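Index from 1, following the sequence. Just so it is clear, the model here is predicted, and its values are computed rather than measured. First listed ligand is number 1; within each ligand, the first listed atom is number 1.
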Amino acid sequence: RAKAGGRHRFELFDEKLHDQALALLETESDLRRGANRQEFIPYFQPIVRLIDGSVVGYEALMRWNHPDKGILPPGAFLHVAEASGMMEMLDWQVFEHAMRVIPHLLEPDQYINLNFSARHFRSPIIDERFVQLINKCGIQPRQVRIEVTEGALLENSEQIGAVFRRLHEIGIEIALDDFGTGYSSLSYLHRFNMHTLKIDRSFICDLEANEERSSTDVVRAIMALSTSQRMEVVAEGIETQGQRDALIALGCELGQGYFFARPQSLEALIAGR
Ligand code: C2E
Ligand code: MG
Ligand code: MG
Ligand code: MG
């Protein structure tokens with residue numbers, strides 16, 4: 001009996017694995033189909049001055065405009081795209097789309113932030129690709145910025161340092177995304193010549209009403225660090241007036257979040273102006 005039960009469990013387990021593998025394959029082939037049809041598009045979330053809400057730039061956030069499932073966020077498909085080696089292809093689809101709209105959407109002093117997967121650092125021609133796209137779109141290099149997470153910096157720091165240096169020479173600035181959640185080593189900030197720190201949403205959400213003193217302390221420490229290193233700071237995920245006010249009191253000047261605007265399609269953005 002025990003034996004039979006054991007075998008039964010194994011069968012169930014196998015079946016579950018089988019289903020998961022099938023689902024993964026389905027998503028993967030669906031991703032390929034979607035990529036061929038240019039279904040991966042940027043949504044745009046404004047980055048604003050906290051004091052008056054004026055827009056300094058936008059973060060481009062990938063969405064899958066799926067024919068059956070509607071608009072899908074990265075959480076629904078990025079892990080499959082990473083695992084199946086499609087990340088670079090999807091990213092460039094979104095980057096190109098976002099860069100093409102810059103002349104139509106942006107003032108000359110505004111910029112668009114692009115989220116950069118660790119995979120790109122394996123490409124030796126990434127800077128040339130940016131130069132080509134920048135020329136093709138007729139924009140200034142400083143109108144494009146790149147966001148990376150700390151995790152991406154761990155992989156191969158020699159190579160990454162070289163890539164960043166080349167991008168910096170072109171005039172493309174780098175922002176460290178989700179700052180404070182990763183393996184924050186202060187030496188990264190120096191070595192990689194970071195222009196901006198983006199304070200992770202997890203520190204912003206309990207800033208209000210002195211609920212969580214430690215978050216206030218973290219933000220204060222990041223502000224001090226940024227001042228001494230002359231880096232810009234952007235607070236992520238601001239959802240309330242109270243969080244905005246707390247950040248202003250701590251000396252933070254820039255931010256983004258649902259309190260100001262959700263990520264929206266190009267059409268919605270243009271219609272709303
Ligand atoms: P991220 O770069 O840290 O982007 C911020 C995320 O927070 C976005 O989620 C945004 O929609 C969300 N957000 C903004 N304001 C608020 C707020 O007030 N409250 C809350 N709860 N959330 C807010 P999204 O668009 O789902 O993107 C998730 C992650 O996917 C991004 O995190 C980024 O790591 C990755 N990603 C997005 N677009 C791309 C892309 O084009 N390429 C690559 N490689 N990764 C991307
Ligand atoms: Mg980001
Ligand atoms: Mg972030
Ligand atoms: Mg994030």
Gln229 (side chain) donor-acceptor with Leu225 (main chain) under 3.5 angstrom: no
Min N/O separation Phe259 to ligand 1 under 3.5 Å: no
Proximal heteroatom of Asp177 relative to the Mg ion (ligand 3) (N/O/S): OD1
Residue pair Ser117 / Asp91, side-chain donor-acceptor N/O under 3.5 Å: no
Residue Asp178 atom name (nearest to the Mg ion (ligand 3); N/O/S): OD1
4.0 Å heavy-atom contact, Arg262 with ligand 1: no
Gln45 side-chain N/O to Leu61 backbone N/O, donor-acceptor pair under 3.5 Å: no
Close approach of Gln256 to ligand 1, heavy atoms, under 4.0 angstrom: no
Proximal candidate to atom 25 (O) of ligand 1 [heavy atom criterion; set Glu82, Arg63, Gln45, Glu236]: Arg63
Side-chain donor/acceptor of Arg244 to backbone N/O of Leu50, under 3.5 Å: yes
Geometric N/O contact Tyr258 with ligand 1, under 3.5 angstrom: yes
Option set Pro74, Ala81, Gly255, Gly237, criterion heavy-atom distance to atom 27 (O) of ligand 1, minimum: Pro74
Donor-acceptor contact present, side-chain Gln93 to main-chain Ala35, <3.5 Å: yes
Side-chain hydrophobic cluster, 4.5 Å single linkage: members besides Leu254: Ile47, Val56, Tyr111, Val234
Listed once per pair and sorted, the side-chain hydrogen bond (donor to acceptor under 3.5 Å, both in side chains) pairs that draw on residues 53-64, sequence neighbours left out: Glu39-Trp64, Asp52-Ser54, Glu59-Asn115, Glu59-Lys198, Glu59-Gln256
Which segment of Ile238 sits under 4.0 Å of ligand 1 when only heavy atoms are counted: backbone
Of all N/O/S atoms in Glu147, the name of the one nearest the Mg ion (ligand 2): OE1
Shortest-distance N, O or S atom of Glu236 relative to the Mg ion (ligand 3): OE2
Heavy atom of Pro263, distance to ligand 1 below 4.0 Å: yes
Contact partition for Asp178 relative to ligand 1, non-hydrogen atoms under 4.0 Å: side chain
Sub-4.0 Å heavy-atom contact, Glu59 with ligand 1: yes
Per-residue contact class, Leu78 against ligand 1 - non-hydrogen pairs under 4.0 Å: side chain
Heteroatom test (N, O or S) for Thr149 near the Mg ion (ligand 2), limit 2.8 Å: no
Met62: numbered ligand 1 atoms lying under 4.0 Å from its heavy atoms: 37 (C), 38 (N), 39 (C), 40 (C), 41 (O), 42 (N)
Region of Asp91 that comes within reach of ligand 1 [heavy atoms, distance under 4.0 Å]: side chain
Arg166 side chain to Ile125 backbone, donor-acceptor under 3.5 Å: no
Atom of Glu59 nearest the Mg ion (ligand 2) (restricted to N/O/S, atom name only): OE2
Whether Glu173 side chain and His195 backbone form a donor-acceptor pair below 3.5 Å: no
Atom CD of Gln20 with >12 non-hydrogen neighbours under 6.0 angstrom: yes
CD on Glu147 to CD1 on Ile174, rounded to 0.5 Å: 10.5 Å
